[in-house]
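Heads up, the thing below is written out as structure tokens.
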Amino acid sequence: MSQDYKFVHSCIRVLDLKKSIEFYQQALGLEVARKRDFPEYEFTLVYLTSSTGDFEIELTYNYDRKKPYTVGDGYSHIAVTVDDLKSSYQRHQQLGYEVSDITSLSEEASEGYYFLTDPDGYRTEIIQN
């Protein structure tokens, strides 16, 4: 018998919690759903979600971290869709965020995508609906 699994969040570790929250609010329209502080263990968790509320990004902030995390070569990205890719791309450029060029997997493909990079080097793929 198989189980049904619902994906609920993806966790990333961040160096500057305030800067990361502002990035995800401004760049992707996410809002803080809840915040849990664990001073006895010296870390804070902040969960951000979209208006649909079906998936969250968990930001983990460790109090004593002084150097940026190494994203590594195993992690690639999370992905979101948007109705107007070009408008989204222009807005992210105007906000000064690091973005890749808009591309697609083939010349015939009607959908396109680009990557948006957060302050810690994590990438989000923005895909045309």
Side-chain angles (χ1 to χ4, degrees):
M1 182 169 127
S2 68
Q3 299 279 336
D4 287 330
Y5 295 93
K6 178 183 176 187
F7 285 81
V8 293
H9 74 254
S10 180
C11 173
I12 57 176
R13 299 185 189 283
V14 300
L15 185 62
D16 184 329
L17 186 59
K18 183 177 185 248
K19 187 175 182 178
S20 293
I21 290 170
E22 288 174 358
F23 172 85
Y24 283 100
Q25 287 176 327
Q26 290 177 0
L28 299 175
L30 300 182
E31 291 300 326
V32 174
R34 62 193 181 286
K35 181 178 180 179
R36 297 186 65 202
D37 192 36
F38 298 90
E40 66 276 19
Y41 299 110
E42 299 183 339
F43 72 92
T44 301
L45 303 177
V46 175
Y47 297 87
L48 297 119
T49 189
S50 67
S51 59
T52 61
D54 54 358
F55 186 80
E56 295 176 326
I57 294 178
E58 173 190 321
L59 304 180
T60 298
Y61 170 74
N62 293 296
Y63 293 1
D64 60 352
R65 186 71 181 198
K66 303 291 184 238
K67 295 180 182 176
Y69 289 94
T70 303
V71 175
D73 62 359
Y75 174 83
S76 182
H77 64 276
I78 58 173
V80 299
T81 59
V82 66
D83 288 332
D84 187 343
L85 187 72
K86 289 180 182 173
S87 174
S88 174
Y89 184 77
Q90 290 170 346
R91 189 171 77 78
H92 289 149
Q93 283 184 313
Q94 289 169 350
L95 288 168
Y97 297 137
E98 181 182 333
V99 294
S100 71
D101 292 336
I102 294 176
T103 190
S104 65
L105 295 177
S106 70
E107 300 256 341
E108 300 83 37
S110 60
E111 71 280 349
Y113 64 91
Y114 67 93
F115 287 94
L116 170 70
T117 304
D118 85 354
D120 291 280
Y122 297 105
R123 298 182 321 150
T124 300
E125 182 180 13
I126 313 294
I127 305 168
Q128 174 68 48
N129 258 346

What residues form a salt bridge (charged side-chain N to carboxylate O under 4.0 Å, His left out) with E56, not counting sequence neighbours?
R34
List the residues meeting salt bridge (charged side-chain N to carboxylate O under 4.0 Å, His left out) with K67, not counting sequence neighbours, and say none if there are none.
none
Within the 4.5 Å heavy-atom criterion, are [X] and [Y] side-chain neighbours or not?
X    : Y    : value
I12  : T60  : no
Y122 : T124 : no
V32  : Q25  : yes

Report, one line per pair, each donor and acceptor closer than 3.5 Å where one atom sits in a side chain of residues 74-82; sequence neighbours left out.
from	atom 1	to	atom 2	distance (Å)
H77	NE2	E125	OE1	2.9
T81	OG1	N129	OD1	3.0

Cluster link [X] to [Y], ILVMFWY, side chain under 4.5 Å:
X    : Y    : result
F115 : L105 : yes
L28  : L17  : yes
V99  : I102 : yes
L116 : I127 : no

The criterion is side-chain hydrogen bond (donor to acceptor under 3.5 Å, both in side chains); which residues satisfy it with [X], sequence neighbours excluded?
X   : result
T44 : D37
S88 : Y114
S20 : D120

Contacts of type side chain to side chain contact (heavy atoms under 4.5 Å, CB included), residue [X], not counting sequence neighbours:
X    : result
D101 : Y89
F55  : F7, S10
K18  : D16, E22
T103 : Y113

Considering non-hydrogen atoms only, spot the tightest contact between [X] and [Y] and give its length.
X    : Y    : answer
S104 : G112 : CB-CA, 4.3 Å
T52  : S50  : OG1-OG, 2.8 Å
D84  : Q128 : C-OE1, 4.0 Å
A27  : R91  : O-NH2, 2.9 Å

Within the side chain of E42, is there an N or O that forms a donor-acceptor pair under 3.5 Å with the backbone of Y63?
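Not a single qualifying donor-acceptor pair exists.
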When you measure from the side chain of R13 to the backbone N and O of P68, does any donor-acceptor pair fall under 3.5 Å?
no
How long is the straight-line distance from CG of L48 back to CD1 of I21, given to the nearest 0.5 Å?
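The CD1 atom of I21 sits 6.0 Å away from the CG atom of L48.
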Would you indicate whether E98, at its atom CD, is surrounded by more than 12 heavy atoms from other residues, nucleotides or ligands within a distance under 6.0 Å?
no
Going by ring pair (Phe, Tyr, Trp, His ring centres under 6.0 Å), name the pairs with one or both residues in residues 20-46, residues two or more places apart or in two chains.
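Those involving residues 20-46 are F23-Y97, F38-F43.
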Contacts of Y69 that satisfy ring pair (Phe, Tyr, Trp, His ring centres under 6.0 Å) - sequence neighbours left out
none
